[in-house]
Asks: 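Below is a structure I'd like to ask you about.
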Amino acid sequence: MEKIICKNCGATEFKKNGFVFGVQRYQCKKCGLQFTKTTPHGKDARDKATALALCQLGVSQNQTAQILSLTPTTIARWVKDFPKNIPYSFNNNSKTKETDETTLRAYIRQLYIENRDSFWVSQNNFANGYEVDILIKNRRVDPQKKKQTLTLCGFGDSILQGIIHDAQTNQYKILKDSFVNISKEKLNIVWRNFARHGSTVIEGEKAFLSHQMHVKECDYVVFSFGSNECNHDWDKVSQNPNLPHRPRLSLDEFHEKYIHLIHLAQKKGKVPLLLSLPPIDPERFFNGIVQGRNKENLLKAMNGQINKIYTWHSMYNLEVFKIASEANVPIIDITTYFLKQTDYRDFLCDDGTHPNHQGHMLIARALSDFYKKYV
């Protein structure tokens, strides 16, 4: 029989005091409080602590709801009401290993992806809402883990597609040894690449929705956007340099639609991986857009500063990092790999935008380093 306790003073002495809507009412003999329900409303505090800890580790709210058999709305409300920056500590012992937050998040995600049918959370010690034990029923540990095939779905622009510019023919073509193809061989990755030349995040969302079956079968979804969104209609700029001209997507529109696309992937239970942008060579890029257009007018629109192209492009690249931070998703930083070189322009095609063969090798190295560290 359930033990009845006064909700006001905690006393256990009471007397029956009639019914309310068919439910037995009690009266505390100590403080006189009349009450009907002794079991507290809502979920167990341990469930809340488990959900909050999983979300802190990077598991999406939808995945957390699935793990704990709750609704995503409940998880979202708990996260919203959760006070930030609560101090916490853990007891150090011989089995404790300190790691950085990004590595831990990636590890938890990968555990869930590989064992989603037998993924459990044990509720042991949640005093501070952070300590969580992950239990995986009948987990099979593969000694050849790093040799397992990983499937990636790619949605993005020409960089992810592997497009380069051929200076001799003045045409764009797909590079045979693109970083995607290099990673297939070196990292045993299976790619389902739906990136397209000229694609923005708007076209990327359409492609994502059109390939749901492939998304369902993949381990991660890779997004590469930003280069086309910041571009302008250079014909119109050349014809009317004094008018205000908008990029294909404003910075706010780019941010909003990219976040939306990331959420679509997370609702499918997938972990999005974002690619940052390689730096642009403003001089070569300007020489490309000048062909067949009014050079003086283009310079006038840029206030005579060709380097403004680099600044504008970098602003969108920085936004990609902000989006990754806001959405709490991993980002593969290929920008730094270019900027570390003596002259990053040596790794770009003559159009100043697309990475050349050496540039794709740099991106492949960045992807490999990310894979070895986080996957």
Side-chain angles (χ1 to χ4, degrees), residues 155-175 195-207 223-258 275-323 334-335 338-339 343-357 359-360:
F155 299 92
D157 50 26
S158 54
I159 295 176
L160 182 57
Q161 188 183 4
I163 294 290
I164 62 171
H165 185 261
D166 189 335
Q168 295 181 348
T169 61
N170 195 28
Q171 293 181 343
Y172 290 100
K173 64 180 183 180
I174 296 179
L175 178 65
R196 290 294 178 267
H197 192 189
S199 178
T200 66
V201 69
I202 295 177
E203 287 79 29
E205 179 180 336
K206 294 177 182 178
F223 293 132
S224 175
F225 296 103
S227 293
N228 293 313
E229 286 81 354
C230 68
N231 212 356
H232 288 71
D233 187 333
W234 297 111
D235 286 331
K236 291 183 178 179
V237 175
S238 174
Q239 295 166 6
N240 300 286
N242 295 319
L243 296 178
H245 294 280
R246 288 171 48 86
R248 293 184 64 179
L249 277 181
S250 70
L251 206 61
D252 290 340
E253 291 172 328
F254 174 58
H255 187 108
E256 178 185 354
K257 293 187 179 299
Y258 212 159
L275 280 178
S276 69
L277 308 181
I280 199 171
D281 179 0
E283 293 184 2
R284 279 191 247 176
F285 183 83
F286 181 77
N287 291 335
I289 63 174
V290 160
Q291 297 180 19
R293 301 184 178 97
N294 190 309
K295 181 177 180 179
E296 288 71 23
N297 283 351
L298 289 173
L299 280 172
K300 185 177 181 180
M302 299 176 190
N303 296 323
Q305 301 177 11
I306 296 178
N307 202 52
K308 188 175 182 180
I309 298 174
Y310 181 91
T311 305
W312 186 260
H313 181 271
S314 299
M315 185 168 59
Y316 276 73
N317 190 27
L318 179 59
E319 199 67 24
V320 175
F321 283 90
K322 292 180 181 178
I323 290 168
I334 66 176
T335 311
F338 279 81
L339 296 179
D343 190 345
Y344 72 86
R345 295 174 297 181
D346 294 338
F347 297 82
L348 298 175
C349 294
D350 66 295
D351 64 355
T353 303
H354 293 87
N356 55 25
H357 180 259
H360 275 268

Asks: Applying side chain to side chain contact (heavy atoms under 4.5 Å, CB included), name anything that partners P282, two or more places apart in sequence or on another chain.
Replies: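 I306, N307, I309, Y310, Y344.
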
Asks: Any chance you could measure N294, atom CG, to D235, atom CG, to the nearest 0.5 Å?
Replies: 11.5 Å

Asks: Does L348 form a side-chain contact (heavy atoms from CB on, under 4.5 Å) with F338? I'd like the steps, not just the answer.
Replies: CA-CA 9 Å; L348 298 175; F338 279 81; 4.2 Å; yes

Asks: Who passes salt bridge (Lys or Arg N to Asp or Glu O under 4.0 Å) against R196, sequence neighbours left out?
Replies: none

Asks: Just to verify, what does D157 make a salt bridge (Lys or Arg N to Asp or Glu O under 4.0 Å) with, not counting sequence neighbours?
Replies: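 Salt bridge (Lys or Arg N to Asp or Glu O under 4.0 Å) check on D157 returns nothing, list empty.
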
Asks: Which distance, rounded to the nearest 0.5 Å, do you find between the CD1 of I202 and the CG of L249?
Replies: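 Atom-to-atom, I202:CD1 and L249:CG are 4.5 Å apart.
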
Asks: Which pair of heavy atoms, one from P355 and one from I164, lies closest together, and at what distance?
Replies: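 Looks like O-CG2, 3.4 Å.
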
Asks: Going by side-chain hydrogen bond (donor to acceptor under 3.5 Å, both in side chains), name the residues that satisfy it together with H255, two or more places apart in sequence or in a different chain.
Replies: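 Scan of H255 (side-chain hydrogen bond (donor to acceptor under 3.5 Å, both in side chains), adjacent residues dropped) gives E319, E326.
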
Asks: I need the F347 CZ to L339 CG distance, nearest 0.5 Å.
Replies: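 Taking CZ in F347 and CG in L339, the distance rounds to 11.5 Å.
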
Asks: Yes or no on side-chain contact (heavy atoms from CB on, under 4.5 Å) for T200 and N228, after CA distance, side-chain angles and deciding distance?
Replies: CA-CA 6 Å; T200 66; N228 293 313; 4.0 Å; yes

Asks: Who are the side chain to side chain contact (heavy atoms under 4.5 Å, CB included) partners of S276, not counting sequence neighbours?
Replies: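 Once residues adjacent in sequence are excluded, the partners of S276 under the side chain to side chain contact (heavy atoms under 4.5 Å, CB included) criterion are N317, F321, I331, D333, I334, T335.
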
Asks: Hey, mind stepping through L175 and I163 against side-chain contact (heavy atoms from CB on, under 4.5 Å) and telling me if it holds?
Replies: CA-CA 6 Å; L175 178 65; I163 294 290; over 6 Å; no

Asks: Check salt bridge (Lys or Arg N to Asp or Glu O under 4.0 Å) between D233 and all other residues, then give those that pass, not counting sequence neighbours.
Replies: none

Asks: Do you know the tightest heavy-atom contact between G156 and S199?
Replies: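 Reported closest heavy-atom pair: O-CB, 3.3 Å.
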
Asks: Using the side-chain hydrogen bond (donor to acceptor under 3.5 Å, both in side chains) criterion, which residues pair with D281? Sequence neighbours excluded.
Replies: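 Result, side-chain hydrogen bond (donor to acceptor under 3.5 Å, both in side chains) vs D281: R284.
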
Asks: Looking at residues at least two apart in the chain, or sitting in another chain, which of them share a salt bridge (Lys or Arg N to Asp or Glu O under 4.0 Å) with K295?
Replies: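 With sequence neighbours excluded, K295 shows a salt bridge (Lys or Arg N to Asp or Glu O under 4.0 Å) to no residue whatsoever.
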
Asks: Quick one: list whatever passes side-chain hydrogen bond (donor to acceptor under 3.5 Å, both in side chains) with N170, sequence neighbours left out.
Replies: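 side-chain hydrogen bond (donor to acceptor under 3.5 Å, both in side chains) list for N170, sorted by chain: H165.
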
Asks: In terms of ring plane angle, is the pair Y258 and F223 parallel, tilted or perpendicular, where the classes change at 30° and 60°?
Replies: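 Because their plane-to-plane angle is over 60°, the rings of Y258 and F223 count as perpendicular.
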
Asks: Give the minimum heavy-atom separation between C230 and Y316, together with the two atoms involved.
Replies: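 Where C230 meets Y316 most closely, the heavy atoms are CB-CD1, 3.3 Å.
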
Asks: How many angstroms lie between CG in L277 and CD1 in I159, if you round to the nearest 0.5 Å?
Replies: 6.0 Å

Asks: Could you state the interatomic distance from NZ (K308) to CG (N303), rounded to the nearest 0.5 Å?
Replies: 5.0 Å

Asks: Do L160 and F225 pass the side-chain contact (heavy atoms from CB on, under 4.5 Å) test, and can you show the C-alpha distance, the side-chain angles, and the key distance before you say yes or no?
Replies: CA-CA 9 Å; L160 182 57; F225 296 103; over 6 Å; no

Asks: Taking all atoms of both residues into account, what is the closest heavy-atom pair of E229 and G226, and its distance?
Replies: OE1-N, 2.8 Å

Asks: Enumerate the salt bridge (Lys or Arg N to Asp or Glu O under 4.0 Å) contacts for residues 197-206, please, sequence neighbours excluded, ordered by first and then second residue.
Replies: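 Pairs touching residues 197-206 that pass the test: none.
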
Asks: Taking ring pair (Phe, Tyr, Trp, His ring centres under 6.0 Å) as the definition, give me every residue that meets it alongside H197, ordered by chain and number, with sequence neighbours left out.
Replies: Y172, H354

Asks: What closest approach, in Å, do W312 and P247 show between heavy atoms, and which atom pair accounts for it?
Replies: CZ2-CG, 3.8 Å

Asks: Would you mind listing every side chain to side chain donor-acceptor pair (under 3.5 Å) that reaches into residues 240-253, with sequence neighbours excluded?
Replies: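 As it turns out, the side chain to side chain donor-acceptor pair (under 3.5 Å) pairs with a partner in residues 240-253, which skip direct neighbours, are N242-K300, R246-E253, S250-E253.
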
Asks: Look at the rings of W234 and F285 and say which category their plane angle falls in: under 30° parallel, 30 to 60° tilted, over 60° perpendicular.
Replies: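 Ring orientation, 0 to 90° scale: perpendicular.
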
